[in-house]
Engineer: 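Sharing a structure, written as structure tokens. Questions coming.
The analysis underlying the following values was restricted to heavy atoms, covering all of them including side chains, and did not include hydrogens, waters or symmetry mates. Throughout, a chain's letter reflects where its sequence line sits, starting with A, and its residues are numbered from 1.
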Amino acid sequence: MAKRPGIPKGTRDFSPEEVSKRNYIINIIRSRFELFGFMPIETPSFENSETLLGKYGDEGDRLIFRILNSGDFLRKADEAAYSSGDSTGLAASISEKALRYDLTVPFARYVVMHQNEIDFPFKRYQIQPVWRADRPQKGRFREFYQCDADVVGSDSLWQEVEFIRLYDAVFSDLNLEGVSIQINNRKVLAGIAEVIGAKDRLIDFTVALDKLDKIGAEGVKKEMAEKGISQEAIEKVQPLFTLTGDNESRMQVLRDLLRDSATGTQGLDELDFVLKAIDSLPLSNAALKLNVTLARGLNYYTGAIFEVSAPEGVSMGSIGGGGRYDDLTGIFGLKGVSGVGISFGLDRIYLVLEELDLFPASVAQTTKVLFLNFGDKEALYGMKAVAALRAEGVKAELYPDDAKMKKQMSYADKRNIPFVVLAGTKEMEDGVYTLKNMKTGEQQQLNLSELSSRLNL
RNA sequence: GUGGUUGUAGCUCAGCUGGUUAGAGCGCUGGAUUGUGGUUCCAGAGGUCGCCGGUUCGAACCCGGUCUUCCACCCCA
């Protein structure tokens with residue numbers, strides 16, 4: 001016997017029901033993207049390695065799926081790298097392509113390549129799978145979908161305001177209540193690092209600070225100390241650990257702390273603009289929260305940083321994230337184009353909706369009426385009605401085989417098809433169809449136009 | 001990449017300290033019911049106990065390896 005087939009770790013098959021539910025989410029996101037003026041693009045599932053490598057930090061490079069060169073790849077292999085145990089060098093010589101790791105970097109590459117055809121500010125959305133060679137975990141897969149919307153070519157903070165409203169609009173449509181959109185600004189983080197004298201340790205500092213929720217103030221201090229941040233500096237950030245109250249009072253504490261940092265103050269001005277704008281344009285569902293400990297690792301964010309958390313009580317990492325990157329296209333040779341964008345994590349949103357039982361019952365799409373098959377003559381009679389119903393937009397089908405009635409009926413039952421039509425010799429003689437309601441068991445004989453108007457309800 | 005966890009019928013899971021022929025529920029097939037499904041009753045099919053190796057008179061059970069599942073860390077959607 002053949003070995004049982006399997007699929008790679010961290011990948012999944014989707015059943016018809018799961019696909020319907022995923023499409024439900026995607027359709028809401030897509031229609032909101034378009035309502036806000038974003039245009040769709042798609043990029044290849046794999047890129048040249050050099051496009052991706054080095055854009056996500058060392059950790060990111062490790063998680064990029066590399067594609068082995070075709071043909072006799074050993075001929076070009078770097079033997080020196082192999083014998084000296086240099087995996088990176090060897091990989092570069094036998095692999096020149098890699099699977100897309102996110103949608104932002106390929107988008108930057110797209111903007112640079114198509115800069116002369118694009119009208120700036122360029123607003124694009126993209127809904128495609130990405131791949132990461134991560135170890136699977138709750139809500140973490142090796143193949144998953146991101147739904148991104150970005151704008152390039154505008155420095156305006158109104159874009160940040162728009163994205164917050166976009167998040168709110170999508171989660172409202174999904175009936176997902178209690179979502180919190182956290183906002184921070186990279187310049188504020190840089191300013192803090194500056195005033196405490198840890199400017200050169202910005203990344204280590206922010207990564208440690210980001211864990212406040214998880215490991216507490218003591219844990220953060222410990223990690224900072226381990227990363228070589230001075231005791232004196234750690235004391236100075238103390239006020240951040242106990243930051244409470246509404247957005248306004250938090251801002252005041254930060255104003256005081258960052259008084260001497262031009263960068264930090266600019267970051268606060270930006271935050272202030274966005275927070276005030278949202279105050280005047282209230283969100284319908286989500287809550288916007290200033291969170292100075294938010295530090296998402298992405299190396300390219302330079303201004304606003306966003307992260308969306310699932311409602312309290314649902315244990316799930318972030319279900320969305322984003323931010324502003326002033327110079328992303330600079331890496332590919334196009335300077336001075338600012339971008340800002342957000343991402344929705346489809347697979348995680350799915351898990352949250354499932355856990356909270358928020359998928360509408362109507363998501364499951366099935367055939368509305370199944371015609372039973374009593375033989376070729378009767379099937380032809382049924383098929384004429386099927387064609388007429390389809391022309392009216394009624395999902396209708398004929399059971400393909402002249403099987404036992406019990407089998408055909410239970411097929412309709414298992415597929416949750418609400419109506420069946422019985423059309424045998426008796427019906428043919430009278431020119432009618434027997435319509436059976438599978439839920440109530442009720443049956444009635446109808447002519448074609450009665451049948452059509454009954455099923456069109 | 002680090003640490004832990006899981007794997008027995010299509011599915012969910014029992015299976016004692018290593019001991020005859022590995023079980024249940026659901027599902028599936030057939031029948032009760034030749035133009036009526038979902039309920040009920042009867043009968044039946046279905047397993048290389050993830051895979052490879054080892055210990056033993058004897059392994060689903062113990063040991064090693066490997067793959068897979070899930071979880072935590074790192075990192076992230």
Engineer: May I ask you to decide whether K436(A) forms a salt bridge with E442(A), counting only side-chain N to carboxylate O separations under 4.0 Å?
Structural biologist: no

Engineer: Between D134(A) and R142(A), is there a side-chain N and carboxylate O pair less than 4.0 Å apart?
Structural biologist: no

Engineer: When you compare U48(B) with U5(B), how far apart are their C1' atoms, in angstrom units rounded to a whole number?
Structural biologist: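 One C1' to the other, the span is 25 Å.
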
Engineer: Output yes when at least one side-chain N/O atom of K404(A) is less than 4.0 Å from OP1 or OP2 of U33(B), else no.
Structural biologist: no

Engineer: Quick one: pull up CD in E42(A) and CG in L103(A) and give me the separation to the nearest 0.5 Å.
Structural biologist: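 Going from CD on E42(A) over to CG on L103(A), the span is 10.0 Å.
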
Engineer: Is the NZ or CZ atom of R132(A) positioned over F144(A)'s six-membered ring, under 6.0 angstrom from the centre and within 45° of the axis?
Structural biologist: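 Output no; distance or angle outside limits.
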
Engineer: Select one nucleotide: of C70(B), G1(B), G35(B), the one nearest the side-chain heavy atoms of R135(A).
Structural biologist: G1(B)

Engineer: Measuring to OP1 and OP2 of U36(B), would you say a side-chain N or O of K406(A) lies under 4.0 angstrom away?
Structural biologist: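 Negative; the distance criterion is not met.
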
Engineer: Please report the distance separating the P of C70(B) from the corresponding atom of U34(B), rounded so that it comes out in whole Å.
Structural biologist: 47 Å

Engineer: Can you find a side chain N or O atom of Q137(A) that sits less than 4.0 Å from OP1 or OP2 on A72(B)?
Structural biologist: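 Q137(A) to A72(B) OP1/OP2: side-chain N or O found under 4.0 Å.
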
Engineer: Any side-chain N or O of K211(A) below 4.0 angstrom from OP1/OP2 of C74(B)?
Structural biologist: yes

Engineer: Run the salt-bridge test on K221(A) and E218(A) with the 4.0 Å N-O cut-off and return the result as yes or no.
Structural biologist: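 Here K221(A) pairs with E218(A) in a salt bridge, since their nearest N and O are under 4.0 Å apart.
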
Engineer: Which part of the nucleic acid, if any, lies within reach of L422(A) when heavy atoms closer than 4.0 Å are counted: base, sugar-phosphate only, or nothing?
Structural biologist: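 It contacts base atoms.
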
Engineer: According to the Watson-Crick and G-U wobble definitions, with both distances under 3.5 Å, which nucleotide is paired to U36(B)?
Structural biologist: none

Engineer: Find the distance F344(A):CZ to C76(B):P and express it as a whole number of Å.
Structural biologist: 20 Å

Engineer: Given atom CG of N373(A) and atom P of G35(B), what is their separation to the nearest angstrom?
Structural biologist: 14 Å

Engineer: Suppose you measure atom C1' in G47(B) against the same atom in A9(B); what distance do you get, rounded to whole Å?
Structural biologist: 5 Å

Engineer: If you measure from the C1' atom in G10(B) to the same atom in G27(B), how many Å do you get, rounded?
Structural biologist: 7 Å

Engineer: Return the nucleotide paired to A9(B): Watson-Crick means purine N1 to pyrimidine N3 with N6-O4 or O6-N4, wobble means G-U with N1-O2 and O6-N3, both under 3.5 Å.
Structural biologist: none

Engineer: Do we see F144(A) stacking on the base of A77(B), given a limit of 5.5 Å between centres and 30° between planes?
Structural biologist: yes

Engineer: So what's G1(B) paired with, Watson-Crick or G-U wobble, going by both distances under 3.5 Å?
Structural biologist: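 By the stated definition (distances under 3.5 Å), C73(B) pairs with G1(B).
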
Engineer: Under 4.0 Å from OP1 or OP2 of C28(B): is there any side-chain N or O of K414(A) that close?
Structural biologist: yes

Engineer: Using a heavy-atom cut-off of 4.0 Å across all strands, would you classify G60(A) as base, sugar-phosphate, or nothing?
Structural biologist: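 Result for G60(A) = nothing.
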
